[in-house]
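Please read the structure below before turning to the comments.
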Amino acid sequence: MLQVGLIREHKAEVAERLALKGFTDKTLLDTVISDDDARRRLQSDNDALLARRNQASKEIGTLMSNGQKAEAKDLKAEVAILKNTVEANERRLAELEISIREGLQRIPNLPSPLVPPGIGADDNVEVRRGGAMPALPEGALPHWDLIRRHDLIDFETGVKLTGSGFPLYKGRGARLQRALIQYFLDANTAAGYTEYMPPYLVNEASAHSTGQLPDKEGQMYYMPADALYLIPTAEVPVTNIYRDEIVKESDLPIRMTAHSPCFRREAGSFGKEVRGLNRVHQFDKVEIVEIVHPDKSYEVLDRMVAHVEGLVAALGLPYRILRLCGGDMSFASALTYDFEVWSAAQGRWLEVSSVSNFEAFQTNRMKLRYRDAEGRIRLAHSLNGSALALPRIVAAILENYQMAEGIGLPAVLHSYMGSDRLV
RNA sequence: GGUGAGGUGGAUGAGUGGCUGAAAUCAGUAGUUUGCUAAACUGCCGUACGGGGAAACCUGUACCGCGGGUUCGAAUCCCGCCCUCACCGCCA
């Protein structure tokens, strides 16, 4: 959520930068500003009335204790009249506050000046690529065929247990999940991230502050009996650890990592895009989250990108890093880098990580602040990234490491898998 | 699930209608003193939204779990809700 002051003071620039994200509703900006103006005026007026009421109430107390009942009665009459106006003002004030907040929640984050123009995936800018393309054996198969051949995941039984998109990992397939999770967590903690294991259900307030609510309600599984949401990513509980907190400047940066299953309804997805592990309703992901000083957030973003790059490179997968264009970025992000690995047998790039700087967009909504050296309270910046999401990594490992007979493994996973081969 | 107790500032915890935005202690912070460490002493030390000011700062209002009510006036009284803790039951 943007701050009203920013919109008010730099309206033209804000509108121009939002256009890069495809947001052109200038009327909304004007409405928010005019509502805020009205709110300020009304609060000033109303505060004056309340001040008068408080003063009169004090006088009444004094008069009563002196036995001056008649004078007290006059003052009571005055306060009674004030009361109606105050009540009306407060109702109007509450309406304005809701209207401002709802307006602000519909305005996306400002893209950073580094964001390239564009409307979709084709306009993303490739920053660099790395890793060697594999030389696949004759008759190389896509991962869904390899999975079936080696009995790594039983999709059919997953359907029986739950429904489509809920894979049942089995044998070496299950072991590979555990190995990847452990490897990623080990690498992240070695890089200085503190490991957390969060709840997988969150309440409405948590879903709100990271921006899943109100818009993306349909993407989350909801448990109406308890008003709880299954998390779509560990970002939600982990970032919310510091909701409504004022931390010390010296506590920054706060660097956290967590593994969690991620639950996504993915309503409306279908076809080839969702085949095999390309898109599922439940998957595992290790996330990194940082809460940092605003002056440092872009430096930190670069460091997070370098860290994730290290993970992908260590897995020996061909990858490329994209800087997302305005039209392809998420609502909350100011700058996002996507990581894609090459799925050799499918012949396509698969997104395995998205690393974003949200600047103060999330922290404003969740009131996550720090106290600076002068004692002033300022919004911190938040960032997060996948390090990494498992299913497409698994797809790429299977396809890229397939051999004439069996499937190999990246060296970093050998100790976790108890073997230098998957099968 | 049952019974009981309770939700006050970073923490502990006082406060049953106006003198309370809130005692005291601890923590934090700035300083003084002492040869160092430590201790002692002194000052400061909640948040939000307004108004004024270049700023330091001054000032108004709101907030004592949340929402309503009573009252000239509510942390304090009344109603509803939420949550926490303890014990019992059940259970991994």
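Below, chain A is the first sequence line, B the second, and so on; all start at residue 1.
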Nearest-nucleotide check on RNA chain B, A:Lys367 vs A:Lys248; residue mapping nearer the 5' end is A:Lys248
Would you classify A:Asn46 as touching base, sugar-phosphate or nothing, given that sugar-phosphate means primed atoms plus P, OP1 and OP2, and contacts are heavy atoms under 4.0 Å?
-> nothing
Could A:Lys296 and A:Glu299 be called an ion pair, given the rule that one side-chain N must be under 4.0 Å from one carboxylate O?
-> no
First and last nucleotide of RNA chain B touching chain A, 5' to 3', heavy-atom cut-off 4.0 Å?
-> B:G18 to B:G73
Nearest-nucleotide 5' precedence on RNA chain B, A:Ala48 against A:Gly61 | A:Gly61
Please identify each residue that fulfils side chain to side chain donor-acceptor pair (under 3.5 Å) with A:Ser260, with sequence neighbours left out.
-> none
Determine which nucleotide pairs with B:A92, using a 3.5 Å limit on both distances of a Watson-Crick or G-U wobble pair.
-> none
Which value, in whole Å, describes the distance between the P atoms of nucleotides B:A30 and B:C85?
-> 36 Å
Have a look at A:Leu50 and say if it touches a base, only the backbone sugar-phosphate, or nothing, with a 4.0 Å heavy-atom cut-off.
-> sugar-phosphate
Could you tell me which nucleotide pairs with B:U61 by Watson-Crick or G-U wobble geometry, both distances under 3.5 Å, or answer none if nothing does?
-> B:A48
Does A:Arg255 make a cation-pi contact with A:Tyr193, if we ask for NZ or CZ under 6.0 Å from the ring centre and within 45° of the axis?
-> yes
C1' spacing across the pair B:U20 / B:A39, given as an integer number of angstrom = 34 Å
C1' atom, B:U71 versus B:A14: distance in rounded Å?
-> 26 Å
Please work out whether the ring planes of A:His281 and A:Tyr221 are parallel, tilted or perpendicular, with thresholds of 30° and 60°.
-> perpendicular
For B:C45 versus B:C26, give the span between their C1' atoms, rounded off to a whole number of Å.
-> 13 Å
Integer angstrom distance from the C1' of B:G13 to that of B:U8 | 9 Å
Scanning all shown strands, the Watson-Crick or wobble mate of B:G10 with both distances under 3.5 Å is B:C26
Determine the Euclidean distance between corresponding C1' atoms of B:G89 and B:G18; express it in Å to zero decimal places.
-> 49 Å
Using atom C1' of each nucleotide, how far apart are B:C63 and B:A22 to the nearest Å?
-> 12 Å
Describe the nucleic acid contact of A:Ala51 in one word from base, sugar-phosphate, nothing, applying a heavy-atom distance below 4.0 Å.
-> sugar-phosphate
Could you tell me whether A:Arg41 contacts a base, only the sugar-phosphate backbone, or nothing, with contacts defined as non-hydrogen atoms closer than 4.0 Å?
-> nothing
So what's B:U84 paired with, Watson-Crick or G-U wobble, going by both distances under 3.5 Å?
-> B:A5
Should the pair A:Arg172-A:Asp151 be classified as a salt bridge under the 4.0 Å nitrogen-to-oxygen rule?
-> no
Lys/Arg N to Asp/Glu carboxylate O, A:Asp30 vs A:Lys11, below 4.0 Å | yes
Which base, if any, makes a Watson-Crick or G-U wobble pair with B:A38, both distances under 3.5 Å?
-> none
With both distances under 3.5 angstrom, what nucleotide forms a Watson-Crick or G-U wobble pair with B:C72?
-> B:G18
Under a 3.5 Å limit for both distances, which nucleotide forms a Watson-Crick or G-U wobble pair with B:A56, could you say?
-> none
Determine the interatomic distance between C1' on B:U12 and the same-named atom on B:G4; round to the nearest Å.
-> 23 Å
Classify the side-chain pair A:His381/A:Asp295 by whether it contains a donor and acceptor separated by less than 3.5 Å.
-> no
Ion pair check, A:Arg52 and A:Glu78, cut-off under 4.0 Å | yes
Just call it for A:Arg52: base, sugar-phosphate, or nothing, with non-hydrogen atoms closer than 4.0 Å on any strand.
-> nothing
